[in-house]
Amino acid sequence: MNVLVVGGAGYIGSHCVRKLLDAGHRPVVLDNLVFGHRKAIPNDIPFYEGDLGNAKYVDNVLDKEKIDVVMHFAAFAYVGESVTNPLKYYDNNLAKPMNLLKAMLRRDVKKFVFSSTCATYGTPEKLPITEDTFQNPINPYGQTKLDMEKMLKAVSVAHGLSFAAFRYFNAAGAAADGTIGEDHNPETHLIPLAIDAAMGKRPKLQIFGTDYDTPDGTCLRDYIHVDDLSTAHIAVFPKLDEPGQAFHYNLGTGTPQSVKEVINAVEEVSGLKVPYEEAPRRPGDPPALYANSQKAQTELDWKIQYPDIKSTIETAWNWSKNNPDGFGDKEN
Ligand code: UDP
């Protein structure tokens with residue numbers, strides 16, 4: 001299949017591009033490189049540097065490439081910023097993808113794979129989270145993702161678009177060969193920050209909240225390997241053959257890890273100490289989020305390759321050790 005990967009130079013998109021190549025598909029990348037890295041994309045695949053806000057450019061890409069499926073990874077994802085600058089998030093995460101959907105429909109491209117998030121559930125009343133858990137986002141980031149899901153559903157009903165929305169839990173890890181990995185600027189995620197602190201690249205890690213109602217007082221999250229996320233996106237392709245279908249899947253391992261457990265795993269894998277200090281809760285952090293992803297495992301030809309946190313952190317550590325400056329193309 002010819003697959004347009006929007007945001008294919010970013011963290012999850014670039015891993016998905018590799019997995020598409022492994023599976024014999026032909027990825028085409030469209031990325032504005034605001035957060036993406038040109039170096040994360042193999043040189044020999046078609047790469048378009050452009051923004052979904054430029055409707056003409058999007059039209060041109062779809063005219064030039066015969067696309068079968070579109071994947072969208074190009075959202076902004078800083079929760080705190082979405083609270084202070086919501087319009088930036090509504091614009092990028094909701095308004096701009098409309099250009100993409102319009103361009104697709106004009107050309108009869110009707111398969112779409114969307115990266116959604118567990119942030120659409122907000123603070124759930126029951127754990128683990130299933131796809132039927134009430135979606136009640138508590139910040140504009142999660143709201144834009146939920147609004148996208150609803151927009152896709154409406155387009156599906158009206159125009160026969162078939163789509164899958166994957167609600168990710170915490171994406172983590174790096175490619176097994178260590179050639180690509182996580183390189184955000186700014187970095188806010190626990191695992192890369194813990195690794196950086198262990199390597200002495202950053203000051204002490206701050207543990208945001210130690211007084212939660214959890215076994216060790218720190219937040220519980222569900223860390224799923226980025227390659228496992230990627231293979232699910234490809235495994236769903238056969239489901240999209242029939243027009244007008246809508247699928248929603250949680251993607252997590254189902255095993256919650258506390259912040260302290262993650263720190264211990266980083267120390268075990270790296271053989272280094274993670275210097276840390278206890279800090280106040282981070283506003284907007286739910287105490288616990290973890291998935292029931294039975295639905296994806298039952299309905300898709302998809303198996304988690306990294307079920308435990310240590311094997312995931314090993315790949316992240318391998319990437320960081322060999323690429324201490326990440327892709328080295330952006331200032332930290
Ligand atoms: N966290 C932390 N210190 C940090 C970054 C994150 O204690 O410097 C905690 C955060 O409060 C949350 C967990 O680690 O409970 C995962 O946070 P992350 O930002 O990686 O992902 P999120 O769950 O917010 O999407």
Side-chain angles (χ1 to χ4, degrees), residues 10-12 35 73 75-83 89 93 115-124 127-129 137-146 166-174 181-226 229 250-267 274-291 309 312-313 315-317 319-320 332:
Y11 173 44
I12 303 169
F35 288 113
F73 296 97
F76 291 154
Y78 292 109
V79 168
E81 187 188 44
S82 81
V83 175
Y89 279 69
N93 295 3
S115 60
S116 189
T117 167
C118 65
T120 58
Y121 296 112
T123 307
L127 291 162
I129 297 171
I138 55 169
N139 52 59
Y141 164 65
Q143 188 66 52
T144 59
K145 290 284 190 174
L146 179 57
F166 287 109
R167 297 173 188 151
Y168 308 160
F169 284 67
N170 290 55
E182 193 165 7
D183 183 4
H184 292 116
N185 185 21
E187 187 55 81
T188 60
H189 294 113
L190 177 62
I191 292 174
L193 289 178
I195 289 176
D196 281 0
M199 293 171 81
K201 279 177 51 195
R202 290 182 197 261
K204 279 181 190 165
L205 179 76
Q206 293 195 309
I207 299 184
F208 296 141
T210 51
D211 57 351
Y212 284 100
D213 186 15
T214 57
D216 67 15
T218 66
C219 284
L220 299 174
R221 292 289 181 275
D222 183 342
Y223 298 88
I224 177 159
H225 198 281
V226 64
L229 291 179
N250 287 341
L251 294 180
T253 62
T255 309
Q257 305 285 338
S258 74
V259 175
K260 284 191 174 161
E261 285 171 326
V262 169
I263 292 173
N264 289 341
V266 169
E267 291 187 340
V274 176
Y276 67 80
E277 61 191 13
E278 296 184 359
R281 293 182 178 194
R282 187 171 67 177
D285 268 344
L289 290 173
Y290 52 96
I309 189 75
T312 293
I313 289 178
T315 62
W317 167 243
W319 155 254
S320 296
N332 278 304

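Side chains are part of it too, since the values below use all heavy atoms of this structure and drop only hydrogens, waters and symmetry mates. Owing to the predicted nature of the structure, the values given are computational and were not obtained by experimental measurement. Both counts, for ligands and for their atoms, begin at 1 and track the order of listing.
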Protein heavy-atom partner closest to atom 25 (O) of ligand 1 - residue, atom, separation in Å:
Asn170 ND2, 3.7 Å
Partner of Ser258 under side-chain hydrogen bond (donor to acceptor under 3.5 Å, both in side chains), chosen from Asn264, Asp216, Thr214:
Asp216
Could you tell me, atom by atom, which parts of ligand 1 come under 4.0 Å of a heavy atom of Leu205?
8 (O)
Go through Tyr121 and Leu289 one step at a time and tell me if the side chain to side chain contact (heavy atoms under 4.5 Å, CB included) criterion holds.
CA-CA 9 Å; Tyr121 296 112; Leu289 290 173; 5.6 Å; no
Expected output: side-chain Tyr11 to main-chain Ala172 donor-acceptor under 3.5 Å
yes
Flag the pair Trp319 / Ile195 as yes when at least one side-chain heavy-atom distance between them is below 4.5 Å, and no otherwise.
no
Name the closest protein heavy atom to atom 13 (C) of ligand 1, giving the residue it belongs to and the distance to 0.1 Å.
Tyr223 OH, 3.7 Å
Do any N/O atoms on His189 end up under 3.5 angstrom from N/O atoms on ligand 1?
no
Purely on distance, is any nitrogen or oxygen of Phe208 under 3.5 Å from one on ligand 1?
yes
How does Arg282 reach ligand 1, by side chain, by backbone, by both or by neither, if only non-hydrogen atoms under 4.0 Å count?
side chain
Polar atom proximity, Leu190 to ligand 1 (N or O, under 3.5 Å):
yes
Out of Arg221, Gln257, Arg202, the nearest non-hydrogen contact to atom 23 (O) of ligand 1 is supplied by Arg221
For atom 11 (O) of ligand 1, the closest protein heavy atom turns out to be Asp285 OD2, 2.5 Å
In this structure, atom 15 (O) of ligand 1 is nearest to the protein heavy atom Cys219 CB, 2.9 Å
Check each heavy atom of Gln206 against ligand 1 and say whether those closer than 4.0 Å belong to the side chain, the backbone, both or neither.
backbone
As a test of understanding, state which of Lys145, Gln143, Glu81 forms a side-chain hydrogen bond (donor to acceptor under 3.5 Å, both in side chains) with Tyr89.
Glu81
Ligand 1 atoms in contact with Val259 (distance to a heavy atom under 4.0 Å)
7 (O), 9 (C), 14 (O), 15 (O)
For ligand 1, which atoms have a heavy atom of Leu193 less than 4.0 angstrom away?
8 (O)
Hey, which atoms in ligand 1 end up nearer than 4.0 Å to a heavy atom of Ile207?
7 (O)
Check for a donor-acceptor pair, side chain of Ser116 on one end and backbone N or O of Arg167 on the other, with a separation under 3.5 Å.
no
Residue-ligand contact Tyr276/ligand 1, heavy atom below 4.0 Å
no
A side-chain contact here means heavy atoms from C-beta on lying under 4.5 Å apart; do Leu205 and Asp196 qualify?
no
How close does the nearest protein non-hydrogen atom get to atom 5 (C) of ligand 1, and which residue and atom is it?
Thr188 O, 3.5 Å
Does a sphere of radius 6.0 Å around OH in Tyr276 hold more than 12 heavy atoms from other residues, nucleotides or ligands, not counting ones at 6.0 Å or beyond?
no
Quick one about Gln257 and Tyr290 (side-chain donor to acceptor, distance below 3.5 Å, no hydrogens or angles considered), yes or no?
no
Are Pro287 and Leu220 packed together at the side-chain level, in the sense that at least one heavy-atom pair is separated by less than 4.5 angstrom?
no
